[in-house]
Amino acid sequence: MAPQRRLTQLLNELKPTPSPIGTLKLGDITIEVPDSLTPSRLTRSSHLLDLNDPVNLNNLHFILQKYLLGQDVFLVSQPGPYARRLALTFASIINTEYEYIALHRDVGETELKQGREIRKGGNLVYVDSPAVNAVKHGRLLILEGIEKAERGIMPVLNNLLENREMNLDDGTHIIHPHRYAQLEAKTTQQGKVFIPAHKNFRVIAIAAPVPPYPGYPLDPPFRSRFQARFIDPVGSLLSLTTSQSKPTTLYNILRDIILSTQYASESRSALEVISKTSLPPFPQTALTKLQKLIEQFPPPENLSPNQLSRLFLTIHPALIYAPFQAWAILSRQTEESGLGQLGSPSMDSINEEIGIFGYSISANQRLDDTTVQLTFSPPPGRQPVNVAVPAGPKQLRPIPLAEQSGFKPSTRFLGLLTCFLQAHALGWDISLVPPALPSTASASTSTLVKVFGEVLGYRSEVIHMYKELGGRELVMRRNIEDGGSTTWEPSTLVEGAWGGSLLHLAGLDVIGSTAGSLSRILQDREIELWESKRIVAFAAPEEIASGELSVAHPSFRAISTASKSIPLKDWLSDEHANMFFSVPSQPMDTAEEAAVLLSTGCPQALVDTLLIFADKYRHSLSSENVLKNRKLGTRSLVRIARRLALYPQGTDMQDIIQRSLLAEFLPATEKMNLLTMFEDSNIFKKTAPFNPSPFMTEKALVFPAPSSGGEETKSTSIPLFDATQDLEGSTSHIPHMDHFYDNSLQTGLMRDIAIDIEILGEHIVMLGNQGVGKNKIIDSKYQLLGRPREYIQLHRDTTVTQLMFTTSLEGGVIRYTDSPLLRAIKYGRLIIIDEADKAPEHVVAIFRSLAGQGEMSLTDGRRVRQLVERNGDIAVHPNFRLVLLANRPGYPFLGNHFLQVLGENFSAHSVSNPDQESERNLIGQLAPELDKDLVLRLVGAFHDLRKGYEHGILNYPYSLRELINLVRHMKAYPSDSLGDALRNIFDFDIYKPETIDKLSEILIHHGLEVPSLGLEAARGVAKTKVQDVHFEPKDTDLSEPKEGEHDDKDHHGGNKWAGGTGGRDTAGLGGRGGYKRLYKGGEIKQVSDELKQNVPDHVKEKAREMARQELQRRLEELDMSHSEAKGYGQLLSATQAHMASLLDLLEHLAAKEEERVWVKRRIDGELDDSRLTEGLTGESTVYKRRGMEKPEIGRPQIKPKRIKFIFDLSASMYRFQYDGRLQRSMETAVMLMETFDGLSRKEKYVWDSGDGPDITLTEANKPPTELKERWKVTEKMYMVPQYAFAGDYTVESIMKGVDEVAKYDADDWFVIAITDANFGRYQISSEDLTRAMKHNPKVNTALICIGEGAEASWVTKSLPGRAFRVANTGDIPNVLRSILSTMVDR
């Protein structure tokens, strides 16, 4: 055997090996450099590192040491291209072939081992991954982005790394070369083939350290198989720059600031560890960008403060959301270095040049088919700059820009365009970073990208990102040919790279860390494709002809824009900054925005008023509430202005603005602030007009002129649909309704929607409670207009693919059938998207680009566009309209916050219940035989039920639907009592006695006498109607009330056991003579009323005495007196309704956090339609299952929310308690204590409370669990202000509370304070209060000002969205509940 093994080994050694092409000497190491067997797998990068740099040589020497030892290397580096280029440089100097894998969240076993393909003839073949190719052929495997791969994936490679072994799906088995040499048979009896791992196979892994950067921590077994090398950030910053012949003073100063910031960020002092104000380190490419900028565009002698600020934002975009302290540190450094203070990155005047260093684009001239010369006008003291840049083949739009289609370029716009062109001239892709302020005027994003492409003659492509998009789908997509064979096709991005297109990556922020998989194509113009194909920097013509290598077109450029639906801090990372040249956007100023609004034909006076209000509203939005509230951007204002221009008379501006902002659904506190802004802007509410019913003419649906208070109004005609435009739809897709009961409110809403859709051409979103008639209003209108409509109902499991088409498998070939959405787009139909708030936000997000730009990218490679630009495009029909229907945001519907992802591309309409008069008319049409007085009372009662919901007293929004169903029951079954009919609605709340009591109170108030509601009514009906059952015990004699004996069995009748039913003397239910109720389960048997009433007086008195004694015993257990129990009961009852509502909200939110989603790429579960092709090829991970969604990389795991409540218990609270401020504060405290004690998921919320800066009411981890403890808290609240001295500690209390709550590890942090501080008397300025409220950026704060504090109007203006003035102390519980629900439900 041994001779045979030796012979085999010798034969292997005699195989031809690459001859050496030279010798490499690196420090003390000398090695022979072999020739390559596959030259196409060698490094072809044009961005290799400088071998004269000692930092690079030191790193390469380490890697070579490990390579010769046969060890794998792990490069720990800050995000950026340096580590990847270092690995490629190493591959280049030793002339080794390499394979590359960019890791992301969606990487699975297929990408790391073998994929499957079906070839012609139906043969299944296995395709090796780059990792398998590397181990078979002795190549260097580069794994980049280890921190992005889920922890369960990388162990796939553990055995390969440790023992050079791996089982492959095709039946082969890779083993260590030494083990292979010892094998006699290379194939087992089962047919498994052994393949040796090549002795030159090595791995270089690259990852950012976690923390401080976001990502998954390393799996210990995986980590242990590598030799680590930390890449010095300072060294990498300097190494990526090229040597300058004459470094400028500006470059030297800024380089020193950048390097000193890096050193400062590495400080280990305890102070730095806890500080949140340190300046974040600059991205790895900051110095490279700075150097190229200064070389290409020589700066003026002195930069203005604003130019300096914009320069810093360009090279370090994360400064946009950095705290003010970071800017202060940076400003101090620039001032000390002689550059002067930092200014505002915003424009100081409308004529300020905001091009980098003050340059401005002045001309463009074509040089050849792929090159354009740009001319930049210089700042004072410099020469014009002419630079030849890559361009597209189309005709150029000349510069200076002429006014076109109503677009008049402003100085601001030209400045942003100049920044774009400067970045392009430097060879960078561009990222337009949205404004830091949560709500601003338009930044001209779409127009800017469009004009940039036009002045360079580009063919433009838009890739609309959505959350489901994976890293592989960005580069390639599956295709099944007619014969059933599977192939890969290039994605739009790869086609754009080959063709030299301009790619607009719209909404790149929504795909999170997956965007990082594009870093190599954007930074180095290289990327791995399918089946060993690769885009490289350069290749020989014959290599390109073979198809294995291809080259990105030199004109290829990408521009990234954000959806603005995700906070900047969640996506604007170092990785993003290194991929793109960032350009901070500049919103329009008032004059430019006014010009846009005036171009609609809206009168000047209305435009001025509109802009005054818009400015106040935008400044009122904070980062906390902007993600849920409607923004009032320029697009929304244009929509309002167009409406005012069309109907200038009789239009209620406040009503139109409120509709646009969906003000009806704002929390009570924000609604109060909105009304104040209307008053300050002189926009007043007009009397609601009466809207007569519409009528039909031969060609139009006519809405008669509404009657109003003396103002001139006009009728509105909506043209009927021309059936010849859609013959098929007109015969089968027109909605049909048997009846629609006309009423003023819904007729007016129908008219407004018709104007938006049919005259203004808008897409709309309709929000309202359940049962208010959203579908009926739309269907009724389009039945009258004769217009076809499609319908889709969304739900939690709806996917983007399902919205586009349905998938079927026929004869081994996947077929796609257009969805109702695509049919509506093609044929110009209206489509109703129902339950839009129930689908995942990323699914609804596709409607944003469809409504805004008329564009959508389909997963099968087709595109929806305004016009057909290439084969396969689907043109949007001019009649196509989207109508999204959803329930109101927030509790109790708790739908997804989908409005934030829609942007401002939809005209919003809130659908409310009709007013009382409209509702009476509607009910009168539905049931004319009902007594008018009864109808009046019913409508009034339901109106008050809805008010009870709005005020937080009731938990359910009773709608028109419930009232109609009630009336229908009464009409059909007139013999049933009102109480019987009401049970259809109120039986849902049968176990909520406080709700039943409130319902009864409202009904009685309106003269609707219902004998009983709730449990008693239900049992009463069961007794009298269903089965008239009476229990007659044999023995009816009574002695004295007693407890009875206890056991675990059912007992009926008798006089011995406690907890039975139908007995006598003992504690139980349904009997007679007992002193208390006691239920142990089982069937309840009730004795007759005659027996119950026939109880002697002395027995009744004895029972009452025993009940009093039992109550006293319970009070003694609680250590409470009767008066204390009564006092606490009064406090409790005052806010019981609010308490129930708040408890319900917090419970629902806790449950919502644990809602499951579809987790894809599973090996079992339900078949995933989007992976059918993979299923055909035999992949196992083609299923999906419901499971908990994993948090985004860098997002914290779900931890408790920390909430601190601060109550003002100063002397004034006692002195001025005549207005109820102290009593209301105590009631509010009880509401909070009882609510949090009642939570079933107490671990979700951790709270505490206090008053002054050093008096604690409850402790964070020791909430009062007993009634007595909670009573003592209220006693303390009453007692403290009696003995307090004059003074105020509001500011100090808030700062201390913020510091205390921030110490804890939590999912979110909140501090809510209630104060009656007289700010003027105690010299508390807005700056003092603002500083305290924003003391720690991560802590969300809110302040309720009562008493004298409510008189300070500046409070709400200085702290928009955080401070609230409450003049009526009775509103404190309601306002606090509203604040808490708004803050927590984010």
Side-chain angles (χ1 to χ4, degrees), residues 38 40-43 66-67 70-75 83-84 87-88 90-91 96-117 125-177 180 193-207 218-219 221-223 225-226 470-472 475-476 488 517 520 526-534 548 1161 1174 1179-1181:
T38 315
S40 63
R41 310 315 292 170
L42 293 174
T43 304
K66 301 295 108 180
Y67 182 87
Q71 296 174 331
D72 299 321
V73 175
F74 200 112
L75 300 179
R84 178 177 66 251
L88 291 172
F90 175 75
T96 189
E97 301 163 12
Y98 79 94
E99 299 286 348
Y100 175 91
I101 298 177
L103 298 169
H104 47 81
R105 283 188 65 167
D106 300 321
V107 164
E109 187 179 6
T110 301
E111 289 86 345
L112 296 178
K113 292 179 70 175
Q114 286 182 322
R116 299 169 179 83
E117 300 294 339
V125 299
Y126 291 88
V127 179
D128 291 340
S129 72
V132 174
N133 277 328
V135 73
K136 284 183 177 180
H137 302 291
R139 295 170 184 163
L140 180 69
L141 174 63
I142 302 173
L143 301 172
E144 186 172 20
I146 300 290
E147 78 279 6
K148 297 172 190 169
E150 295 181 354
R151 290 191 64 176
I153 293 300
M154 297 318 297
V156 169
L157 300 179
N158 278 353
N159 201 31
L160 182 64
L161 296 169
E162 179 71 15
N163 301 314
R164 296 302 193 247
E165 293 186 0
M166 177 183 274
N167 283 317
L168 300 180
D169 295 337
D170 62 357
T172 58
H173 184 54
I174 296 174
I175 61 174
H176 195 283
Y180 181 82
V193 178
F194 293 100
I195 299 174
H198 199 286
K199 62 185 178 63
N200 291 337
F201 168 64
R202 301 289 187 277
V203 179
I204 297 181
I206 302 171
L218 283 175
D219 182 44
F222 182 76
R223 165 181 161 164
R225 290 169 166 86
F226 287 94
R472 188 165 67 175
V475 179
M476 52 187 130
W488 289 98
S517 59
R520 190 170 171 223
E526 296 187 335
I527 198 167
E528 304 297 312
L529 302 178
W530 55 94
E531 298 182 17
S532 299
K533 292 180 172 61
R534 177 183 288 171
E548 190 171 359
R1161 303 179 75 102
E1174 284 75 8
E1179 279 195 32
S1180 59
T1181 57

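This is a predicted model, so every value here is computed, not measured.
- Between the CE atom of M476 and the CD1 atom of I527 there is a distance of 8.0 Å, given to the nearest 0.5 Å.
- Rounding to the nearest 0.5 angstrom, the gap separating the CD1 atom in I174 from the CG atom in N167 is 9.0 Å.
- Of all non-hydrogen atoms in I195 and K136, the two that sit nearest each other are CD1-CE, 3.9 Å.
- Screening D128, L141, L160 against V135 for a side chain to side chain contact (heavy atoms under 4.5 Å, CB included) leaves a single residue, L160.
- A 4.5 Å side-chain heavy-atom check between V73 and F90 finds every atom pair outside the cut-off.
- Among all heavy-atom pairs drawn from M166 and V132, the shortest one is SD-CG2, 4.2 Å.
- Judged by distance alone, the side chain of Q114 and the main-chain N or O of D169 form a donor-acceptor pair under 3.5 Å.
- Side-chain atoms of N200 do not come within 3.5 Å of backbone N or O of G138 as any donor-acceptor pair.
- In terms of modelled atom types and a separation under 3.5 Å, the side chain of R164 and the main chain of P177 share no donor-acceptor contact.
- For the pair I206/R84, a side-chain contact is recorded, criterion being any heavy-atom separation below 4.5 Å from C-beta on.
- Between the side chain of H137 and the main chain of R139, no donor-acceptor pair closer than 3.5 Å is present.
- R223 CZ: 12 or fewer foreign heavy atoms inside a 6.0 Å radius.
- Put simply, the side chain of L157 does not reach to within 4.5 Å of the side chain of V203, judged on heavy atoms.
- Applying the side chain to side chain contact (heavy atoms under 4.5 Å, CB included) rule to T43 yields the partners S45, L48, L88, A91, S92, Y98; only residues at least two apart in sequence or on another chain are considered.
- In this structure, CD on E147 lies 8.5 Å from CG on L218, to the nearest 0.5 angstrom.
- Using a cutoff of 4.0 Å between basic side-chain nitrogens and carboxylate oxygens, R534 and E526 are not scored as salt-bridged.
- H104 and S517 make their closest contact through CD2-CB, 4.0 Å (heavy atoms, listed as atom of the first residue, atom of the second, distance).
- When every heavy atom of D170 is checked against every heavy atom of Y126, the shortest pair comes out as CB-CD1, 3.4 Å.
- The heavy-atom pair separating E111 from S129 by the smallest distance is O-CB, 3.3 Å.
- Because its NZ or CZ atom is both nearer than 6.0 Å to the ring centre of Y100 and within 45° of the ring axis, R520 counts as a cation-pi partner of that residue.
- Scanning all heavy atoms of the two residues, the minimum distance from E548 to S532 falls at CG-O, 3.8 Å.
- For the pair L161/F226, a side-chain contact is recorded, criterion being any heavy-atom separation below 4.5 Å from C-beta on.
- Taking CG of L140 as the reference point, atom CZ of R202 lies at 9.5 Å (rounded to 0.5 Å).
- Considering CD of E165 and CZ of F194, their distance stands at 9.5 Å, rounded to 0.5 Å.
- Side-chain contact between F201 and E99 is absent, with no heavy atoms from C-beta onward closer than 4.5 Å.
- Side chains of N163 and H176 form no contact here, defined as non-hydrogen atoms less than 4.5 Å apart.
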